[in-house]
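Below is one structure, written out as C-alpha cells; the observations come after it.
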Protein chains: 2
Amino acid sequence: MSERTNRRQQIINAASELFMTQGYTATSVRQIADAVGCTEAALYYHFKEGKRTLFNTVVEANLPNFMLPLQRCRDARSLSEIITCLESANREHRSDNQQRMRWLLAEFPTLGAEEQALIREKFQIFHRELAAMIRAVCDQAASAADDLAWLIICLMHGYQQLLSPLDLVSDGEETMFVRLARFVEILA
Amino acid sequence: MSERTNRRQQIINAASELFMTQGYTATSVRQIADAVGCTEAALYYHFKEGKRTLFNTVVEANLPNFMLPLQRCRDARSLSEIITCLESANREHRSDNQQRMRWLLAEFPTLGAEEQALIREKFQIFHRELAAMIRAVCDQAASAADDLAWLIICLMHGYQQLLSPLDLVSDGEETMFVRLARFVEILA
DNA sequence: GTCTATACAAAGATAGAC
DNA sequence: GTCTATCTTTGTATAGAC
C-alpha cells in the first residue's frame with residue numbers, strides 16, 4: 001500500500017474525518033477533494049453517484065467495532081472485573097470511539113433503513129454477548145442479566161457521550177466506574 | 001399575542017423546528033423565511049447578524065428545562081421513589097426532550113464558548129440538586145451521593161438517547177428503570 | 001485516472017423602494 | 001417592517017482533453 005496506491009481509499013479516509021468532525025451537510029465535496037489533494041472530478045470518478053454514496057460508504061467503514069472492548073474481558077471472573085475491564089478498554093480508544101458514536105447517532109435519523117438496521121443489529125449483538133458474559137461469572141437469572149447488561153451499556157454511553165465530552169466530571173480519574181463496580185459487586 | 005404580533009418570535013419558533021429536525025447547516029435561511037411566511041430580507045431585519053445569531057437565539061430558547069423532572073420528585077421518600085419518579089416524568093416529555101437533547105449534543109461542538117458553558121452549567125445544577133435529594137432520603141456520604149447522581153444521569157441519558165431511539169429495548173414497558181430502582185434500593 | 005473548464009442551483013447576505 | 005431585486009460565494013455535478 002504505497003502512498004497513493006488507492007485513491008478511493010484515500011477519499012474514504014478524508015471523507016470520514018471531515019464527515020465526523022463537521023457532519024454530512026457541513027462538509028462539501030470540494031473540501032474532501034482538497035483534503036485528498038485531487039479535484040472534484042476525480043472524486044466523482046470513484047463515486048459515480050456522488051456525495052450521498054460516498055457518505056454511505058463512510059458510514060459502513062466507520063461502524064465502531066463494538067466487540068473490541070468485550071474481547072478484552074474474556075477472562076474476567078466477576079461482575080466488577082467485567083466492568084473495570086470494559087472501562088479501561090473504553091478509555092484507550094476513548095476519543096476515537098466517542099467521536100464515532102456521537103457522529104453515528106447524530107446522523108442516524110438521516111440514514112437509510114438498511115443502515116439503521118445494521119447499527120441496531122450491532123448493538124443487539126453486543127448486548128447479547130455482554131449478558132452471556134454476566135451470566136457466566138455470576139449466577140443470574142437470564143432476564144436479570146439482560147437488564148444488567150442494558151444498564152451497563154446505558155451507563156457507558158451516558159458517560160462517553162455526556163459526561164466526558166461536556167467535561168462534567170471533575171475528579172480526574174473515572175472513579176464513577178470504580179464505584180459502579182463496587183455497587184454491582186454487592187448485588188452479585 | 002395575536003397571530004402575528006411578534007414576527008421575531010415566529011421566526012425563532014420556525015427556526016427551532018427546522019434546526020432541530022435538520023440541523024444547522026442543513027437548514028437554509030430561505031427555508032425558515034418560507035416557513036414563517038416572510039422574505040429573507042425581513043428575517044435579516046430581525047436578526048441583523050444573520051443565520052448564526054438566529055441560531056444562538058434558538059439554542060438558548062431550546063435549552064431543555066432540566067429541572068422540570070426534578071421538581072416532580074420533591075416529595076419522594078426513598079431512592080427508588082426518586083428513580084421511578086424521574087422515569088415517569090421523563091416518559092411524559094419523552095419525544096420532545098429526546099429530540100432537544102440529541103440536537104443539543106450534536107451541535108455542541110460547533111457552539112461558542114459561552115453557550116457551551118451555559119449547557120455545562122445546566123447539567124451541573126441538575127446534578128447538584130439530584131445529589132442533594134439523594135442525600136435527603138438516604139443517609140449517604142456526600143461523595144457517594146455525587147457518584148450515584150452521575151450514575152443515574154448517565155443511565156437516563158443512555159436510555160433516552162441510545163436504547164429508546166434505536167428501539168433496542170423490546171419488552172414494552174421500561175422495566176429497566178424498575179429494576180434499577182430495585183438495585184439501588186438494596187444499596188441504600 | 002486525473003485534470004481543466006464550466007454549468008447550474010442554492011446558499012448567505014444587502015441596498016433601496018414602499 | 002416588509003418587499004423586490006440583486007450580488008457574491010459556495011455547492012453538486014458533468015463534459016471532454018490529456
Side-chain angles (χ1 to χ4, degrees), chain A residues 1-62 103 106-107 109-112 115, chain B residues 1-62 103 106-107 109-112 115:
Chain A
M1 294 194 220
S2 77
E3 275 287 314
R4 39 174 300 165
T5 305
N6 205 347
R7 253 289 134 91
R8 192 187 147 89
Q9 192 55 47
Q10 286 181 291
I11 293 170
I12 294 174
N13 294 152
S16 294
E17 170 95 25
L18 290 167
F19 282 146
M20 275 196 281
T21 53
Q22 307 179 327
Y24 177 73
T25 45
T27 303
S28 71
V29 176
R30 264 204 250 290
Q31 231 178 340
I32 297 167
D34 285 354
V36 173
C38 71
T39 60
E40 297 164 73
L43 195 151
Y44 276 95
Y45 170 79
H46 291 286
F47 296 89
K48 301 237 191 301
E49 283 156 285
K51 191 187 181 186
R52 195 74 215 181
T53 305
L54 171 55
F55 177 71
N56 291 340
T57 310
V58 167
V59 167
E60 290 183 28
N62 281 284
W103 170 72
E107 307 277 15
T110 78
L111 298 178
E115 282 157 332
Chain B
M1 296 193 220
S2 77
E3 275 287 314
R4 39 174 300 164
T5 305
N6 205 348
R7 254 288 135 91
R8 193 186 146 89
Q9 193 55 48
Q10 286 182 292
I11 293 170
I12 293 173
N13 293 152
S16 294
E17 169 95 26
L18 289 167
F19 282 146
M20 275 197 280
T21 53
Q22 306 180 329
Y24 177 73
T25 45
T27 302
S28 70
V29 175
R30 268 203 248 288
Q31 229 177 341
I32 297 167
D34 285 353
V36 173
C38 70
T39 62
E40 295 163 74
L43 195 150
Y44 276 96
Y45 169 80
H46 292 285
F47 295 89
K48 301 234 191 301
E49 283 156 285
K51 192 186 180 186
R52 195 74 216 181
T53 304
L54 171 55
F55 178 71
N56 291 340
T57 310
V58 167
V59 167
E60 289 182 28
N62 281 283
W103 170 71
E107 308 275 17
T110 77
L111 298 179
E115 282 156 333

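These values consider heavy atoms only, across backbone and side chains, with no hydrogens, waters or symmetry-generated copies.
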Could you tell me how far apart B/Leu54 (CG) and C/dG12 (P) are, to the nearest whole angstrom? 11 Å
Starting from C1' on C/dG12, measure out to NE2 on B/His46 and report it in whole angstrom. 18 Å
Just checking B/Glu17: does its CD atom have more than 12 heavy atoms from other residues, nucleotides or ligands closer to it than 6.0 angstrom? no
Specify the separation, in whole Å, of atom CD of A/Glu40 and atom P of C/dC3. 11 Å
Dot-bracket notation for DNA chain C, counting Watson-Crick and G-U pairs under 3.5 Å, with | for partners on another strand: ||||||||||||||||||
Most 5' of A/Thr27 and B/Gly37 on DNA chain D, judged by nearest nucleotide: B/Gly37
Verdict with reasoning, B/Gln22 to A/Thr25, per side chain to side chain contact (heavy atoms under 4.5 Å, CB included): CA-CA 10 Å; B/Gln22 306 180 329; A/Thr25 45; over 6 Å; no
Within the side chain of A/Glu107, is there an N or O that forms a donor-acceptor pair under 3.5 Å with the backbone of A/Tyr24? yes
Donor-acceptor pairs under 3.5 angstrom involving side-chain atoms of residues 37-50 of chain A: please list them, not counting sequence neighbours.
residue : atom : partner : partner atom : Å
A/Thr39 : OG1  : A/Ala42 : N            : 3.4
A/Glu40 : OE2  : A/Arg30 : NH1          : 3.1
A/Lys48 : NZ   : A/Tyr45 : O            : 2.7

Rounded interatomic separation in angstrom, taking CD1 from A/Ile11 and C1' from C/dT2: 11 Å
Going through the distances and angles, do B/Ile11 and B/Thr57 end up as a side chain to side chain contact (heavy atoms under 4.5 Å, CB included)? CA-CA 10 Å; B/Ile11 293 170; B/Thr57 310; over 6 Å; no
For a side chain to side chain contact (heavy atoms under 4.5 Å, CB included) check, start with the C-alpha distance between A/Asn62 and A/Phe19, then their side-chain angles and the critical distance, and finish with the verdict. CA-CA 11 Å; A/Asn62 281 284; A/Phe19 282 146; over 6 Å; no
Nucleotide C/dA13, atom P - distance to OH of B/Tyr44 in whole Å: 3 Å
Under 4.0 Å from OP1 or OP2 of D/dT10: is there any side-chain N or O of A/Arg30 that close? no
Do the side-chain N or O atoms of A/Tyr45 get closer than 4.0 angstrom to the phosphate oxygens (OP1, OP2) of C/dG1? yes
Between A/Arg52 and A/Asn56, does the side chain to side chain contact (heavy atoms under 4.5 Å, CB included) criterion hold? Intermediate values first, please. CA-CA 6 Å; A/Arg52 195 74 215 181; A/Asn56 291 340; 4.2 Å; yes
Respond yes when some side-chain nitrogen or oxygen of A/Ser28 is under 4.0 Å from OP1 or OP2 of D/dG11, and no when none is. yes
Pick base, sugar-phosphate or nothing for B/Thr39, based on heavy-atom distances below 4.0 Å to the nucleic acid. base
Would you kindly give the CG-to-P distance between A/Leu43 and D/dT14, to the nearest whole Å? 12 Å
Figure out the CD1/P separation between B/Ile32 and C/dA10, and round it to whole Å. 17 Å
Spacing between A/Arg8 atom CZ and C/dT2 atom C1', to the nearest angstrom: 17 Å
Base, sugar-phosphate alone, or nothing: which one does A/Thr25 contact when heavy atoms must sit under 4.0 Å apart? nothing
